[in-house]
Amino acid sequence: MDLDPCDPSGSSMSLDITEKNHNISFPIEQIKANDEKNYPIPGLSIAVPGVTALGVDVAVLVSGNPDELTLQVGLNACASVHTKEICASSIPGLDLVLPWWMLKGTYSFGNVCNSSRFDEPRVYTEIMRE
C-alpha cells in the first residue's frame with residue numbers, strides 16, 4: 001500500500017495485490033479521496049456449487065482529508081447476475097462478515113502534512129498473509 005495523505009488535489013492511495021502461489025499480481029493505482037469501490041482481482045474466484053463462481057474483489061474506501069482520513073481495505077465476494085453485480089456485502093447476514101477488513105480506521109496526518117520538515121510525506125505499508 002502506498003498512501004499519499006498530503007496530495008494537494010486530495011489524499012490518494014495505491015495498492016499492489018499479490019498472491020505468489022497462484023501468480024497473481026494486480027496493481028490498483030490512484031484511489032482518490034471520496035472513492036468507494038470494489039475492484040475485481042483477475043484470476044481469483046471462489047466456486048459455489050450449484051450457484052455460480054464468485055469473484056474475489058478488493059473493497060476500498062478512502063474518504064476525508066489529512067486531518068481525518070478514513071481508510072478501509074478488505075476482501076469482498078461478488079458475482080454478475082444478468083447485467084447487475086451483486087456483492088456478498090450487500091446481502092443481509094453475509095454483510096456481517098464481508099468485506100473482511102484488513103485495514104479499517106480513521107487516521108490523522110494533519111501534523112505531518114503541515115510540517116515543513118517533509119516535502120512529500122508518504123506512508124508505505126505491506127500487509128502480508130500466508
Side-chain angles (χ1 to χ4, degrees):
M1 179 174 87
D2 178 5
L3 176 64
D4 185 358
C6 304
D7 186 333
S9 65
S11 299
S12 66
M13 174 173 58
S14 298
L15 298 170
D16 288 317
I17 310 303
T18 58
E19 202 290 321
K20 64 182 176 182
N21 292 333
H22 296 95
N23 250 355
I24 294 173
S25 178
F26 179 59
I28 303 172
E29 301 289 332
Q30 293 300 308
I31 304 160
K32 291 289 201 179
N34 302 315
D35 279 353
E36 181 175 12
K37 188 173 178 184
N38 285 305
Y39 295 89
I41 302 171
L44 191 56
S45 63
I46 303 166
V48 180
V51 180
T52 187
L54 298 174
V56 177
D57 289 19
V58 176
V60 178
L61 167 72
V62 178
S63 68
N65 59 53
D67 291 321
E68 198 170 307
L69 188 62
T70 299
L71 302 172
Q72 296 179 350
V73 178
L75 296 175
N76 204 353
C78 301
S80 293
V81 178
H82 301 288
T83 60
K84 188 174 180 178
E85 182 178 78
I86 298 174
C87 293
S89 59
S90 66
I91 299 171
L94 290 177
D95 63 342
L96 299 174
V97 292
L98 290 172
W100 178 70
W101 299 114
M102 293 176 272
L103 173 67
K104 183 176 183 180
T106 300
Y107 308 93
S108 177
F109 296 97
N111 290 339
V112 174
C113 295
N114 294 329
S115 172
S116 61
R117 294 182 335 157
F118 300 100
D119 291 331
E120 189 176 333
R122 294 175 92 79
V123 178
Y124 298 94
T125 303
E126 188 170 320
I127 301 171
M128 301 197 53
R129 304 272 185 217
E130 300 253 349

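Keep in mind it's a predicted model, so treat the numbers as computed, not measured.
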Gap separating the [atom1] atom of [X] from the [atom2] atom of [Y], nearest 0.5 angstrom:
| X | Y | atom1 | atom2 | answer |
| --- | --- | --- | --- | --- |
| Ile24 | Leu44 | CD1 | CG | 4.5 Å |
| Ile41 | Asp57 | CD1 | CG | 7.0 Å |
| Glu19 | Asn23 | CD | CG | 9.0 Å |

- prompt: What pairs with Asp35 under salt bridge (Lys or Arg N to Asp or Glu O under 4.0 Å), at least two apart in sequence or on another chain?
  reply: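 None.
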Residue set satisfying salt bridge (Lys or Arg N to Asp or Glu O under 4.0 Å) with Lys37, at least two apart, ordered chain then number -> none
If you look only at distance, which donor and acceptor atoms sit under 3.5 Å apart when one is on a side chain in residues 84-99 and the other is two or more places apart or in another chain?
{"residue": "Ser89", "atom": "OG", "partner": "Asn76", "partner atom": "ND2", "Å": "2.8"}
{"residue": "Ser90", "atom": "OG", "partner": "Cys87", "partner atom": "O", "Å": "2.7"}
{"residue": "Asp95", "atom": "OD1", "partner": "Gly93", "partner atom": "N", "Å": "3.0"}

Going by heavy atoms in the side chains, are [X] and [Y] under 4.5 Å from each other?
| X | Y | answer |
| --- | --- | --- |
| Tyr39 | Leu15 | no |
| Phe109 | Leu3 | yes |
| Leu103 | Met1 | yes |

For residues 5-14, run the donor-acceptor check on the side chains, cut-off 3.5 Å, and write out each pair with its distance to 0.1 Å, sequence neighbours left out.
{"residue": "Asp7", "atom": "OD1", "partner": "Ser9", "partner atom": "N", "Å": "2.9"}
{"residue": "Asp7", "atom": "OD1", "partner": "Ser9", "partner atom": "OG", "Å": "2.9"}
{"residue": "Ser9", "atom": "OG", "partner": "Lys32", "partner atom": "NZ", "Å": "3.4"}
{"residue": "Ser11", "atom": "OG", "partner": "Pro5", "partner atom": "O", "Å": "2.7"}
{"residue": "Ser14", "atom": "OG", "partner": "Gln30", "partner atom": "N", "Å": "3.2"}

Less than 3.5 Å apart, which donor and acceptor atoms pair up between the side chains of residues 61-72 and the rest of the protein, not counting sequence neighbours?
{"residue": "Asn65", "atom": "OD1", "partner": "Asp67", "partner atom": "N", "Å": "2.8"}
{"residue": "Asn65", "atom": "OD1", "partner": "Glu68", "partner atom": "N", "Å": "3.1"}
{"residue": "Thr70", "atom": "OG1", "partner": "Thr106", "partner atom": "OG1", "Å": "3.0"}

Item checked: Heavy-atom pair with the smallest gap, counting every atom of Phe26 and Pro42 ->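 For Phe26 and Pro42, the tightest heavy-atom pair comes out as CD1-CD, 3.5 Å.
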| said: Could you work out, with side chain to side chain donor-acceptor pair (under 3.5 Å) as the rule, every residue matching Ser45, not counting sequence neighbours? | reply: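 With neighbours one apart ignored, the set is empty.
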